[in-house]
Amino acid sequence: MAMDMAHKDHLLAAYHGLLAAACLLLCVLAEALVFALRRSFTFYLVPVSAMLLLGRYRRRAAGGAGVRVGLVDFSCLKPPRRLRLPVAGLLEHLELGGFFDRGSIEFMTKAIRSSGMGNETYLPPALHYLPPASTHAHAIREAHMLFFPALDDLFGKSSVPPSAVGALVVNCSGFCPAPSLAAIIANRYRMRADVKLFNLSGMGCSAGSIGVDVAAGLLRAHALSYAVVVSAEILTIGWYCGKDHGKLLLNCNFRTGCSAALLTNSTAVPVKYRLVNVTRTNTTANDRSYRAGYREEDEEGITGFTLGQGVGRMVSELLRAHLLTLSLSILPWREKARFAAALLLSMRRRRRDKLAGSSSGASAPMPDFRAAADHFCLPSSGKPMILRLGKGLGLGEREMEAALMTFHRFGNQSAASLWYQLAYLEAKGRVRKGDTVWHLGIGSGLKANSLVWERVAVADDLAAGGLDALGPWMECIHQYPVWE
């Protein structure tokens with residue numbers, strides 16, 4: 001069966017390549033014929049137009065395949081209650097550990113208390129020990145604790161067996177064992193021999209969007225029915241016990257979490273969301289951007305992840321480039337026209353002020369991104385960063401609510417945070433049929449990745465699924481939002 005699929009894919013690719021080569025040859029011959037017959041200049045446009053139309057058709061065909069990728073369902077892990085660590089308990093834990101000096105404890109205390117994190121977040125079992133047990137064996141046990149409950153829930157509520165999965169993409173930035181995390185899952189669920197396994201590491205908090213892009217590409221390129229994307233961060237080996245303040249921030253914000261999403265390219269399978277846009281931007285070629293976040297040893301030889309100097313400025317430059325590309329795809333025409341007019345007026349005013357030798361100090365106009373999507377899932381990097389990013393996008397409290405409340409309840413769960421935010425929106429009953437949801441992830445490199453989803457299923461999850469439809473927000477959604 002697998003050999004038949006591979007043979008079919010090869011023949012189809014060969015057919016498209018042969019067709020493109022034949023069309024190109026015909027266009028070149030047509031150009032040569034027009035030139036030889038010395039016809040009017042307008043005749044030169046005929047083969048050129050044919051080539052442009054062919055290219056547009058091929059892009060639309062590829063885009064159409066991408067549009068058919070849908071999200072069947074997703075699951076988010078709610079860790080066991082015994083792993084909860086309130087802020088006061090965490091601060092006491094840091095003092096009792098004996099490996100942090102007074103300056104480091106004061107720095108982390110200030111960072112945690114100003115981050116907007118609540119008292120219900122979780123840390124893995126190994127980090128509850130004194131001192132933390134950051135061993136490979138404990139990290140593997142944490143992976144089992146994260147992956148298996150989330151996937152069991154996903155397979156159970158979607159009624160799709162693991163044997164039907166044709167591709168599995170797992171992303172975890174800081175832990176890359178052998179066998180891989182993807183292999184651990186495939187072994188646990190006895191997945192079929194031709195399942196395509198991918199393990200992404202070192203991709204940062206935007207890796208979930210990258211995983212969806214990889215899975216969507218696999219569904220388009222191969223005769224597969226289902227692909228699963230698993231996002232998590234193994235904190236056991238990421239805990240930093242040194243004194244470098246630039247490396248201590250991950251201890252303050254990152255917490256336990258895991259998400260699993262089931263994608264399909266089959267029109268016969270009912271889906272909750274349709275993938276309508278994937279936009280990826282990176283500034284890795286810029287050395288300052290490349291060094292904005294990196295993992296290395298400190299002066300004492302202790303490994304940790306450092307946020308470099310000027311990271312805020314580099315993120316702003318990255319987002320400016322990313323949003324310019326994304327807005328061309330997702331903004332409605334009326335907003336594009338309004339923004340273009342505002343930009344022209346701003347440029348004219350700036351030119352007039354320059355000639356007059358004065359400066360108005362007015363900021364450059366920004367598109368209204370609230371016209372681009374109905375709901376927003378933002379990088380969960382703490383309350384100050386969420387507010388800064390949201391205000392930069394022109395969002396209000398309601399648009400930033402999912403990100404702020406997810407960080408308050410669960411902390412920063414790296415790439416999985418975006419799915420917890422979508423679960424929050426669903427638990428609140430806000431995502432209706434026809435609504436669009438924008439997933440924006442920012443990761444080391446630097447890179448920005450966006451997914452735009454459209455709700456295609458009737459949004460009546462709570463009535464149909466009872467409390468189970470609330471996912472990780474079960475028993476606490478009524479307490480949110482909480483505003484200080």
So, taking the atom named [atom1] in [X] and the one named [atom2] in [Y], what distance separates them when rounded to the nearest 0.5 Å?
X: I185; Y: L197; atom1: CD1; atom2: CG; result: 9.0 Å
X: T281; Y: L323; atom1: OG1; atom2: CG; result: 8.5 Å
X: S417; Y: F254; atom1: OG; atom2: CZ; result: 8.0 Å
X: H128; Y: L83; atom1: NE2; atom2: CG; result: 5.0 Å
X: L389; Y: S381; atom1: CG; atom2: OG; result: 8.5 Å
X: C76; Y: F410; atom1: SG; atom2: CZ; result: 8.0 Å

List the atom of [X], the atom of [Y], and the distance in Å for their closest heavy-atom pair.
X: G394; Y: R370; value: O-NE, 3.4 Å
X: A88; Y: N119; value: N-OD1, 4.5 Å
X: C252; Y: A111; value: SG-CB, 3.9 Å
X: G242; Y: L248; value: O-CD2, 3.8 Å

| Does the pair W473 and Y480 meet the rule for a ring-ring contact (aromatic ring centres under 6.0 Å, His included), with working shown? | CA-CA 10 Å; W473 296 94; Y480 289 91; 5.5 Å; yes
Examine [X] relative to [Y] and say whether NZ or CZ is less than 6.0 Å from the centre of the six-membered ring and inside a 45° cone about the ring axis.
X: R288; Y: Y290; answer: no
X: R188; Y: F148; answer: yes
X: R455; Y: Y273; answer: yes

Could you tell me if [Y] and [X] have a donor-acceptor pair between their side chains, going purely by distance under 3.5 Å?
X: D101; Y: S104; result: yes
X: R141; Y: H144; result: no
X: S450; Y: H322; result: yes
X: D374; Y: T436; result: yes
X: D298; Y: Y240; result: yes
X: S115; Y: K383; result: no
X: S209; Y: N449; result: no

| In this structure, which one of L168, L146, V169, N171 forms a side chain to side chain contact (heavy atoms under 4.5 Å, CB included) with V230? |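 Only one option passes, and that is L168.
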| query | Under the criterion side chain to side chain contact (heavy atoms under 4.5 Å, CB included), which of L451, L440, L418 is the partner of C377? | reply | L418
Hey, does [Y] have a side-chain heavy atom less than 4.5 Å from the side chain of [X]?
X: I237; Y: H136; value: no
X: H375; Y: W438; value: no
X: P162; Y: F155; value: yes
X: R409; Y: Q479; value: no

Do the side chains of [X] and [Y] get close enough for a salt bridge, i.e. N-O under 4.0 angstrom?
X: E120; Y: R255; answer: no
X: E401; Y: R430; answer: yes
X: K78; Y: E475; answer: yes
X: K157; Y: D153; answer: yes

| field | Aromatic ring pairing H245/F107, orientation class (parallel under 30°, perpendicular over 60°, tilted between) | value | parallel
| said: One pair to check against side chain to side chain contact (heavy atoms under 4.5 Å, CB included): Y294 and S444. What are the steps and the verdict? | reply: CA-CA 7 Å; Y294 49 94; S444 56; over 6 Å; no
| query | Could you walk me through whether Y189 and L151 pass the side chain to side chain contact (heavy atoms under 4.5 Å, CB included) check? | reply | CA-CA 9 Å; Y189 290 97; L151 286 167; 3.3 Å; yes
| request: Apply ring-ring contact (aromatic ring centres under 6.0 Å, His included) to the pair F376 and H439, showing each step before the final yes or no. | output: CA-CA 6 Å; F376 300 83; H439 276 184; over 10 Å; no
| Verdict with supporting geometry, E95 and R102, salt bridge (charged side-chain N to carboxylate O under 4.0 Å, His left out) | CA-CA 9 Å; E95 293 221 25; R102 176 52 52 187; 3.4 Å; yes
| field | Residue pair L219, R68: steps toward the side chain to side chain contact (heavy atoms under 4.5 Å, CB included) verdict | value | CA-CA 10 Å; L219 290 172; R68 287 197 297 271; over 6 Å; no
